[in-house]
Chemist: 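Submitted below is the structure of interest, expressed as structure tokens.
To find a chain, count down the sequence lines: A is the first, B the second, and so on, and within it residues start at 1.
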Amino acid sequence: MKIQLSPSCSFSLDFTLCCGQAFRWNKQSEWWYGVVGEKVFKIRQIGDALEFENADANFIKGYFGLNDDLQKILSQIRKDNHIERTVETFKGLRILRQDPWECLISYICATYKNISGIKQMIFNLSKRFGDRVVFDGCNFYTFPPPERLVKATQKELAKCSLGYRAKYVSETAIRVHEKCLDFEHLSNVPYEKAREELLDFPGVGLKVADCVLLFSLGKLEAFPVDVWIKRVILKYYVNHFRKKFMRKISSKKSLTGSEYEKLNLFGRSYFGDYAGYAQEYLYHYERTQR
DNA sequence: CAAGTGCCTTTATC
DNA sequence: AGATAAAGGCACT
């Protein structure tokens, strides 16, 4: 199967899958292999063409955010020279529409871990509790649905190298399974409301909630603030804050809730309705400019 | 190569 | 409200 992108579409499969928003993609030669829901599929980009196997075009468009008007989004977030530079470097990077359940568990696990560690945890969970699927002669594992993780003991979860996160994953799985969380409902409700509901889940704080909202629920105004974004603000956006406040957050490692909210509100009001796109460009640029 | 540092933070407690 | 500590374990240097 093939999708021919229009020349104005602007999409980079590599930037989109390398920027750290998703943890389940691997490139083998020129094909990207991924598991989404129950399906394994592969995809590659050749110029303006996307070729893929074992998925349909509508799914691909939805998952890779190809329905977003990227030209419009990028023109709205280009507010200064620095963001301009990140956009020029990674133009074509798009926000995925990941599976909300997998995204929620992934970002609960992501606290205080680096990306390779997160990938490892999600792989371990899938291998231990998901279904094996053979595709192109290789083994893949689907991400376990809530009912599977409900049955898992915290000890078994911890063995997937989740550590102290096992408890949060287990308790969140139980609550999701008991229908305390309807992802469909969350995507239809405004950002603030959806965020509040997510914050009720164990292991979900402001940062995790914002990631789930942005990467799986289509809330493009969400602006997750992690250590990298904090660094970006301290480097390029200090003049938007009081000196005293900047000194305070630079002097310590983690942010309090109200400090988080100040940085988050800056991102959303400065970059606008597509602040989440700005966040991801800034994040990826900062991480790759070591 | 060993040891130290840091990791897309949250929660509990004071 | 705000500060502080604790919580796996792995990857990177």
Chemist: Go nucleotide by nucleotide along DNA chain C from the 5' end; which of Gly117(A) and Tyr112(A) gets its closest nucleotide reached first?
Modeler: Tyr112(A)
Chemist: With no hydrogens and no angle check, is any side-chain donor or acceptor of Gln45(A) less than 3.5 Å from a backbone partner on Phe11(A)?
Modeler: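 Side chain of Gln45(A) to backbone of Phe11(A), a donor-acceptor pair under 3.5 Å: yes, one is there.
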Chemist: With a cut-off of less than 4.0 Å, is there a side-chain N or O of Lys167(A) near OP1 or OP2 of dT10(B)?
Modeler: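 So the side-chain polar atoms of Lys167(A) never come under 4.0 Å of the phosphate oxygens OP1 or OP2 of dT10(B).
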Chemist: Using a 4.0 Å heavy-atom cut-off, does Phe215(A) contact any base of the nucleic acid, only the sugar-phosphate backbone, or nothing at all?
Modeler: nothing
Chemist: With P as the reference atom in both, quote the distance from dT10(B) to dA11(C) in angstrom, rounded to an integer.
Modeler: 23 Å
Chemist: Find out whether the Lys NZ or Arg CZ of Lys262(A) is both under 6.0 angstrom from the six-membered ring centre of Phe245(A) and within 45° of the ring's axis.
Modeler: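 Yes; both conditions hold, so Lys262(A) lies above the ring face of Phe245(A).
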Chemist: Remember a base hit wins even if backbone is also touched, and classify Lys159(A) as base, sugar-phosphate or nothing at under 4.0 Å, heavy atoms.
Modeler: nothing
Chemist: Just checking Ser161(A): base, sugar-phosphate only, or nothing, at a heavy-atom cut-off of under 4.0 Å?
Modeler: nothing
Chemist: On DNA chain B, nearest-nucleotide positions of Trp228(A) versus Val204(A): which is more 5'?
Modeler: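 First, find each residue's nearest nucleotide; the 5'-ward one identifies Trp228(A).
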Chemist: From OH of Tyr283(A) over to P of dC8(B), roughly how many Å is that when rounded to an integer?
Modeler: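 The answer, rounded to whole Å, is 5 Å.
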Chemist: Please state how far atom CG in Asn124(A) lies from atom C1' in dA11(C), giving the value in whole angstrom units.
Modeler: 14 Å
Chemist: Looking across every strand, which nucleic acid part, if any, lies under 4.0 Å from Ile229(A) by heavy atom: base, sugar-phosphate, or nothing?
Modeler: nothing
Chemist: What nucleotide among dG8(C), dT9(B), dC8(B) has an atom nearest to a side-chain atom of Tyr107(A)?
Modeler: dC8(B)
Chemist: Can you check the distance between dC8(B) and dT13(C), where both ends of the measurement are the P atom (answer in whole Å)?
Modeler: 12 Å
Chemist: Select base, sugar-phosphate, or nothing to describe what Val208(A) touches, counting heavy atoms under 4.0 Å on all strands.
Modeler: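 Sugar-phosphate: the residue Val208(A), judged by heavy atoms under 4.0 Å, touches backbone atoms but no base.
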Chemist: For Ile105(A), run the side-chain contact (heavy atoms from CB on, under 4.5 Å) check against Val176(A), Leu162(A), Val169(A) and tell me which one passes.
Modeler: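 It is Val169(A); the other options fail the test.
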Chemist: Across the strands shown, which category fits Gly20(A) at heavy-atom distances under 4.0 angstrom: base, sugar-phosphate, nothing?
Modeler: base
Chemist: Under 4.0 Å, counting only non-hydrogen atoms across every strand here, what does Arg165(A) touch: a base, just sugar-phosphate, or nothing?
Modeler: base
Chemist: Glycosidic conformation of dG8(C), syn or anti, with 90° from 0 as the boundary?
Modeler: syn
Chemist: For the pair made of NZ in Lys253(A) and C1' in dC7(B), what is the distance, rounded to whole Å?
Modeler: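 Between C1' of dC7(B) and NZ of Lys253(A): 8 Å.
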Chemist: Please indicate whether Glu38(A) has more than 12 foreign heavy atoms, meaning atoms of other residues, nucleotides or ligands, lying under 6.0 Å from its CD.
Modeler: no
Chemist: Please report, rounded to the nearest Å, how far the P atom of dT9(B) is from the OH atom of Tyr164(A).
Modeler: 9 Å
Chemist: Could you say whether Gly205(A) or Arg231(A) is positioned toward the 5' end of DNA chain B, judged by the nucleotide with the nearest heavy atom to each?
Modeler: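 Looking at DNA chain B, the more 5' nearest nucleotide goes with Arg231(A).
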Chemist: From NZ of Lys155(A) over to C1' of dG8(C), roughly how many Å is that when rounded to an integer?
Modeler: 15 Å
Chemist: Using the P atom as the point on both nucleotides, what is the distance between dT11(B) and dC10(C), in whole Å?
Modeler: 23 Å
Chemist: Measuring only between side-chain heavy atoms, which start at C-beta, is Phe64(A) closer than 4.5 Å to Phe52(A)?
Modeler: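 No, every pair of side-chain atoms sits at 4.5 Å or beyond.
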Chemist: Taking the side chain of Thr256(A) as its heavy atoms from C-beta onward, which of dC8(B), dA11(C), dA3(C) lies nearest to it?
Modeler: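 Ranking dC8(B), dA11(C), dA3(C) by closest atom to the Thr256(A) side chain puts dA3(C) first.
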Chemist: Out of Phe123(A), Phe41(A), Trp31(A), which residue meets the ring-ring contact (aromatic ring centres under 6.0 Å, His included) rule with Trp25(A)?
Modeler: Phe41(A)
Chemist: So Glu280(A), base contact, sugar-phosphate only, or nothing? Heavy-atom distance under 4.0 Å.
Modeler: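 Base contact.
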Chemist: Let me know the distance between CD of Gln154(A) and P of dA7(C), rounded to the nearest Å.
Modeler: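 So the CD-P distance, Gln154(A) to dA7(C), works out to 16 Å.
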Chemist: Tell me whether the side-chain N/O atoms of Lys252(A) come closer than 4.0 Å to OP1 or OP2 in dA3(C).
Modeler: yes
Chemist: So what's dT11(B) paired with, Watson-Crick or G-U wobble, going by both distances under 3.5 Å?
Modeler: dA5(C)
Chemist: Contact class for Tyr168(A) (heavy atom, under 4.0 Å): base, sugar-phosphate, or nothing?
Modeler: sugar-phosphate
Chemist: Quick one: Glu171(A) CD to dA12(B) C1', roughly how many Å, whole number?
Modeler: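 About 14 Å, once rounded to whole Å.
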Chemist: Using a cut-off of less than 4.0 Å, is there contact between a side-chain N or O of Ser258(A) and OP1 or OP2 of dG2(C)?
Modeler: yes
Chemist: Taking the nucleotide of DNA chain C with the nearest heavy atom to each, does Ser254(A) or Asn114(A) sit closer to the 5' end?
Modeler: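 Residue closer to the 5' terminus by nearest nucleotide: Ser254(A).
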Chemist: Would you call Lys248(A) and Glu259(A) a side-chain contact if the rule is heavy atoms closer than 4.5 Å?
Modeler: yes
Chemist: Can you check the Tyr260(A) OH to dG2(C) C1' distance for me, whole Å?
Modeler: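 Answer to the nearest Å: 19 Å.
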